[in-house]
Amino acid sequence: SQQGEEDPQALSIQEGENATMNCSYKTSINNLQWYRQNSGRGLVHLILIRSNEREKHSGRLRVTLDTSKKSSSLLITASRAADTASYFCATDGSGGSYIPTFGRGTSLIVHP
Amino acid sequence: GAGVSQSPSNKVTEKGKDVELRCDPISGHTALYWYRQRLGQGLEFLIYFQGNSAPDKSGLPSDRFSAERTGESVSTLTIQRTQQEDSAVYLCASSLGGAGTEAFFGQGTRLTVV
């Protein structure tokens, strides 16, 4: 079963705009990670945020975590056409599990 | 190699045949995961290996699916008597293991059952 659920399912923006994707999950977690997938193949790790952290930055990426709402957001600032991809959140730690559990993803299209 | 390697990249098979998918994890990674991704969908967990512990097979959808791992190296995912519903991309990932460790993914095997 899916632990994390991203929304929106699809997002279309112009280059230079910011893109915000959200992830909600059901049970308690130890960590939440965001991954990116190009062309339906391998995923690439973007950023990890631990349950005791509220915000984290990496380059143009900003991730927030609100454990009281069981939600996280990924913000990509000043988007580029090369950011076009699917973005997934993955949670672990539910019930002591170390298995990353993925949502359905947000498909982002950045128009040049 | 530097990353997780999966073979073959693509596999077309006839319904009813058996297929074997291979994953070479990153050297030193004790954890290995198999996921299935149907077109336009998220990743569906299949099986998890951690060191010499018994694998977590809770995600395998039927007894037609099985996987093995030799020590902390190569893993094979076997699908017997393939069905059209098995058509998907099968992704393998490895990590150092434990909570919050980054999973490194292979490029996947796209399986098409005709």
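Side chains are part of it too, since the values below use all heavy atoms of this structure and drop only hydrogens, waters and symmetry mates. Each chain gets a letter, A, B and so on, in the order the sequences are listed, and its residues count up from 1.
Under the 4.5 Å side-chain heavy-atom criterion for ILVMFWY residues, a single connected hydrophobic cluster contains both A:Leu32 and A:Ile76. By the criterion of side-chain heavy atoms lying less than 4.5 angstrom apart, applied directly or through intervening Ile, Leu, Val, Met, Phe, Trp or Tyr residues, B:Val4 is not grouped with B:Leu77; the two fall into different hydrophobic clusters. Following chains of ILVMFWY side-chain contacts shorter than 4.5 Å, one can reach B:Leu43 starting from B:Phe45, so the two form part of one hydrophobic cluster. Neither A:Ile99 nor B:Leu60 shares a network with the other; the hydrophobic side chains, linked directly or stepwise wherever heavy atoms of I, L, V, M, F, W or Y lie under 4.5 Å apart, form separate groups for each. The hydrophobic cluster containing B:Leu21 also contains B:Phe65, counting ILVMFWY residues as joined when their side-chain heavy atoms lie under 4.5 angstrom apart, directly or transitively.
Close approach to chain B, defined as a heavy atom under 4.5 Å from one of its heavy atoms, is seen in A:Gly42, A:Leu43, A:His45, A:Leu48, A:Arg50 of residues 42-69 of chain A, taken by number. Using a 4.5 Å cut-off between non-hydrogen atoms, the part of residues 78-97 of chain B that approaches chain A consists of B:Val89, B:Leu91. Along residues 101-114 of chain B, the residues that come nearer than 4.5 angstrom to chain A, judged on non-hydrogen atoms, are B:Thr101, B:Glu102, B:Ala103, B:Phe105, B:Gly106, B:Gln107, B:Gly108, B:Thr109, B:Arg110 in order of number.
Looking at A:Gln9, there are no atoms closer than 4.5 Å to chain B (heavy atoms on both sides), in backbone or side chain.
More than 12 non-hydrogen atoms from other residues, nucleotides or ligands lie less than 6.0 angstrom from CZ of B:Arg64. Counting heavy atoms of neighbouring residues, nucleotides and ligands inside a 6.0 Å radius, atom CG of B:Asn10 exceeds 12 of them.
Distance check: A:Arg104 CZ to B:Gln37 CD gives 11.5 Å after rounding to the nearest 0.5 Å.
Remark: B:Arg38 engages no residue in a side-chain hydrogen bond (donor to acceptor under 3.5 Å, both in side chains) (not counting sequence neighbours).
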